[in-house]
Amino acid sequence: MTVRAACPHDCPDTCAIRVTVHDGRAVKVQGDPDHPPTHGALCTKVSRYPERSYHAERVLQPLRRVGPKGGGRFEPVSWASALSDIASRLKAIAARGPDAAQAIVPYSYAGTMGLLQGESMAARFFHRLGASLLDRTICASAGGEALAATYGGKVGMHLAHYAKSRLILIWGSNSIASNLHFWTFAQEAKRNGAKLVCIDPRKTETADKCHQHIALRPGTDGALALGLMRELVVNDWLDHDYIARYTEGWPALRERAMAWTAERTAEVCGITPDEVRGLACDYGTTRPAAIRLNYGMQRAHGGGNAVRLVAILPCLVGAWRDPAGGMLLSSSGWFRRFRNDAALQRPDLMGTRRPRTINMSTIGDDLLREASPAFGPKIEALVVYNSNPVAVAPESCKVVQGFARDDLFTVVLDHFLTDTADHADYVLPATTQLEHLDVHTSYGHTYALINEPAVAPLGQAKPNTQIFRELAAAMGFEDACFRDDDEALTRQAFTDEIDFEVLRRDGWVKLPLPEAPFAEGGFPTASGKCLIDAPGLGVPDFVPNHESPLSAPELAARYPLAMISPPARNFLNSTFVNVKSLRDIEGEPLVEIHEIDAAPRGIADGAVVRVFNDRGSYVCKAKVSARARPGVVNGLGVWWRKLGLEGTNVNELTHQKLTDIGRAPSFYDCLVEVAPQAS
Ligand SMILES: Nc1nc2c(c(=O)[nH]1)N[C@H]1C(S)=C(S)[C@@H](COP(=O)(O)OP(=O)(O)OC[C@H]3O[C@@H](n4cnc5c(=O)[nH]c(N)nc54)[C@H](O)[C@@H]3O)O[C@H]1N2
Ligand SMILES: Nc1nc2c(c(=O)[nH]1)N[C@H]1C(S)=C(S)[C@@H](COP(=O)(O)OP(=O)(O)OC[C@H]3O[C@@H](n4cnc5c(=O)[nH]c(N)nc54)[C@H](O)[C@@H]3O)O[C@H]1N2
Ligand SMILES: [Mo]
């Protein structure tokens, strides 16, 4: 038997999958050959999805902590006793006063991107409870809000049209690792004669396969975009008609850009003036020209402004006129009119209450905060699902200290005993994508998908929806919406414009959208124009890193190396780190360092090193490699702390300072020093 499924992971590709089931066991997953973006191919890690689901270490029954907080020791308990104890703990907090439930905080992200197993029943539960709201900023809110400020939504080119572009700038994206199904279209373009340029501080496997690699300093993309604009102006490579009709605010930005000569730009970006001029010439004179902007560049202080500046470029040259021209950061905004989030999440259940909002990116600081009028009540309970904050949130030392608080009550829903689950009072076993029903949208293409359950839940695992349904019952919430089953939720998720019967039959439905959506403006802003001068934000500018020689010379003197920490190819954030076959491919936690930086520090290839700054140390192996640019080290992947050397991972080093737009973390804006580990 084959079952139609969808990849649940936080990745732009959202593949359509076919699961082969024998005797009630999922034996194989394959990409759906008929789904155009997936075209029959899955990445290495998701091909191992059954291995992950049937992993010997799956948590398959509710667990209650024994021993000290954070010790990772548990005893099995029944669902009934776990749910009634959790409910009584939460009720006791909520009973203290009208806004007391705000001391309870949900913490979730995109462990699954499913609309049901993400924020449906869970959101209803926390809205009804009056818990704190969560600002879900950990990944994409700087770029997302910047894009929305420019174009009115997270919209862009269609994936498939990249195959017909003549020039593709792959900007802040390691497509082969993190957006493989885009790379297929880029390769087709390459075969058709297109030029591919990779703009990335790291010489990635994607950079290896492009015609040109521009290895700029982390966090300097805004400067590069301004430098390109000046060249476009000086050489008159502008589409004056497109600018006049479909943009607002260009004159002020034009004036700002004129200060960015190729020499000044090159100086700030750490590249050559010829690289600036050459890139501008390619971009100004090739049609159609496309940009695949990705989230890598927005994990720095000025990430929001940088995304705005890059996103404006296609208007300046009129690239949007062609279906194969323009840019794509995220396609998720295309789904807005087809989604029924309010029906799934029911914010109306808050009634007249207006709970505070906690930013997930500062959970380290917030868990350590006392009650105050500005902050509200101290956080007393955390319910974590679809996320592993102890591994992935910035400044681990504070995050761990917060999760280790004896007076914090923590419930974690997960498949495994992650670093976060180790700090729980209760761990509740959740089902994987093979075991539950869900529907999906995408942030890299424009198809809605369905995921049918392929097998029965393993052990005593339950879908997130069911866990929150039962928790609602244990709390005594009687609203009818807590009785909706998953089948009912899937039918509430989309508007009638998506034919549910076709979704069920084919596994996916393509959104009805124009092919060259902005050929004549028509952006989803109030005026329909691109907002170069955006309300409340003004005209974008280059914003230097929090931690750089420009902004913090004293710090840079002590910690002269910039560190970025992009994903490992065979993990998905911290997911899959415990799958041995994938860990074997990744090898060990490592930091890539250029010979020029390694030699004077006495660091040999393969040596154990300590990467450190005032916040902490990360112990890992050094890989002396030209993949690192001089002055920049690359700490790859978010390893599980407990599987790393000395129980550390790269987030020991990152900080909680936020981006210019979107209240997001600045993971790739981080100064460090590296030294051989004293033996
Ligand atoms: N295999 C794999 N795929 C994944 C993930 C994974 O962990 N593993 N994670 C998923 C998730 S959650 C996300 S958000 C996406 C992330 O994928 P992307 O959106 O592509 O973002 P990153 O991988 O963070 O960074 C992309 C590239 O940007 C580079 N970069 C870092 N700093 C800068 C900078 O200042 N300027 C420029 N121009 N480039 C910079 C990095 O070196 C990296 O090669 O991928 C998803 N896909
Ligand atoms: N230093 C550094 N830190 C980073 C990044 C970086 O590039 N560098 N990337 C950042 C980015 S882009 C992101 S998006 C975040 C990601 O951070 P997270 O959203 O925390 O993602 P994961 O680490 O993949 O953890 C997801 C967890 O959800 C669980 N899960 C999956 N499906 C289900 C389900 O159906 N039910 C339940 N209950 N649990 C489920 C998985 O088992 C896993 O433990 O990390 C951020 N952290
Ligand atoms: Mo992400």
Side-chain angles (χ1 to χ4, degrees), residues 8-13 43-45 52 107-114 117-118 122 136 138-140 143 170-180 198-207 214 216-221 224 292-300 302-303 306 310 329-330 360-361 384-389 391-394 412-416 418-421 428-433 435-436 438 443-444 461 463-464 467 545 562-578 632 634-635 637-638 640 649-651 653-654 665 667-670:
H9 289 299
D10 188 353
C11 167
D13 297 12
C43 64
T44 315
K45 55 193 177 310
R52 182 176 183 278
Y107 196 99
S108 70
Y109 201 62
T112 167
M113 301 274 298
Q117 308 307 334
R136 292 184 170 79
I138 200 137
C139 169
I170 301 180
W171 200 328
S173 167
N174 182 3
S175 315
I176 294 179
S178 312
N179 190 189
L180 187 61
C198 178
I199 306 174
D200 193 316
R202 177 168 184 255
K203 187 168 184 297
T204 61
E205 50 269 64
T206 307
I214 298 183
L216 79 184
R217 284 197 188 100
T220 62
D221 302 272
L224 180 56
R292 184 55 168 110
L293 177 61
N294 234 320
Y295 286 108
M297 74 155 70
Q298 47 100 67
R299 309 192 203 285
V310 175
L329 170 61
S330 166
M360 69 187 306
S361 302
V384 182
Y385 52 103
N386 304 338
S387 186
N388 183 11
V392 306
V412 175
L413 287 63
D414 208 307
H415 306 140
F416 293 103
T418 61
D419 291 325
T420 305
L428 301 178
T431 45
T432 70
Q433 190 78 341
E435 302 151 63
H436 56 227
D438 217 329
Y443 63 98
N464 290 345
I467 298 174
N545 277 1
M563 185 192 74
I564 57 172
S565 48
R569 181 168 175 183
N570 296 288
F571 303 149
L572 198 294
N573 301 322
S574 77
T575 303
F576 293 103
V577 178
N578 63 328
V632 181
N634 312 319
V638 184
W640 284 20
N649 79 11
V650 74
N651 280 318
L653 304 163
T654 52
F667 285 115
Y668 302 171
D669 173 346
C670 177

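Basis for what follows: all heavy atoms, side chains included, without hydrogens, waters or symmetry-related copies. Note that ligands are numbered from 1 as they come in the structure, with each ligand's atoms numbered from 1 the same way.
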Student: Indicate the atoms forming the closest heavy-atom contact of D200 with T204, along with that distance.
Tutor: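 That closest heavy-atom pairing would be OD2-CG2, 3.6 Å.
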Student: Just by distance, no angles: are the side chains of R217 and N545 close enough, under 3.5 Å, to form a donor-acceptor pair?
Tutor: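 Their side chains do not contain a donor-acceptor pair, so the 3.5 Å distance test is not met.
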Student: Considering the heavy atoms of W171, write down every atom of ligand 1 situated less than 4.0 Å from one of them.
Tutor: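 Near W171, meaning under 4.0 Å from one of its heavy atoms, ligand 1 has 38 (N).
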Student: Within ligand 1, which atoms have a heavy atom of R202 less than 4.0 Å away?
Tutor: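 So the atoms of ligand 1 that pass are 42 (O).
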Student: Report the residues that fulfil ring pair (Phe, Tyr, Trp, His ring centres under 6.0 Å) with F576, sequence neighbours left out, ordered by chain and then residue number.
Tutor: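 Partners of F576 by the ring pair (Phe, Tyr, Trp, His ring centres under 6.0 Å) criterion, ordered by chain and then number, come out as H9.
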Student: Output the list of atoms in ligand 1 that are nearer than 4.0 Å to some heavy atom of G219, sorted by atom number.
Tutor: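 Near G219, the atoms of ligand 1 are 34 (C), 35 (O).
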Student: Indicate whether the side chain of T112 and that of N386 have a donor and an acceptor atom separated by less than 3.5 Å.
Tutor: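 Absent: no donor and acceptor within the cut-off.
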Student: For N573, which residues count as a side chain to side chain contact (heavy atoms under 4.5 Å, CB included) partner, sequence neighbours excluded?
Tutor: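 For N573 the side chain to side chain contact (heavy atoms under 4.5 Å, CB included) partners, ignoring immediate neighbours, are D10.
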Student: Hey, is ligand 1 close enough to R569 that some N/O pair sits below 3.5 Å?
Tutor: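 By distance alone, the answer is yes.
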Student: Check whether any side-chain heavy atom of N388 lies under 4.5 Å from a side-chain heavy atom of Y109, and answer yes or no.
Tutor: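 They are not in contact (no side-chain heavy atoms under 4.5 Å apart), so the answer is no.
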Student: Answer yes or no for T204: is there a heavy-atom contact with ligand 1 below 4.0 Å?
Tutor: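 T204 counts as a contact of ligand 1 under the 4.0 Å cut-off.
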Student: Please determine if I199 has a nitrogen or oxygen closer than 3.5 Å to a nitrogen or oxygen of ligand 1.
Tutor: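 Yes: some nitrogen or oxygen of I199 is under 3.5 Å from one in ligand 1.
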Student: Just wondering, do F571 and V638 contact through their side chains at under 4.5 Å, heavy atoms?
Tutor: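 A side-chain contact is absent here, since even the closest heavy-atom pair is not under 4.5 Å.
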Student: Sequence neighbours left out, what passes salt bridge (Lys or Arg N to Asp or Glu O under 4.0 Å) with R299? Give chain and number order.
Tutor: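 Not a single residue meets the salt bridge (Lys or Arg N to Asp or Glu O under 4.0 Å) criterion with R299.
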Student: If you define the side chain from C-beta out and look only at heavy atoms, does anything of L329 sit under 4.5 Å from Q298?
Tutor: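 Side chain of L329 against side chain of Q298, heavy atoms only: no contact under 4.5 Å found.
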Student: When you look for protein heavy atoms under 4.0 Å from ligand 2, which residues do they belong to?
Tutor: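 Protein residues near ligand 2 are D10, R52, Y109, A110, G111, T112, I138, C139, R299, N386, S387, N388, V392, L413, D414, H415, T418, A430, T431, H436, N464, S565, L572, N573, S574, T575, V638, V650, N651, F667, Y668.
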Student: Should the proximity of D221 to ligand 1, defined as any heavy atom under 4.0 Å, be assigned to the side chain, the backbone, both, or neither?
Tutor: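 Side chain only; the backbone of D221 stays clear of ligand 1.
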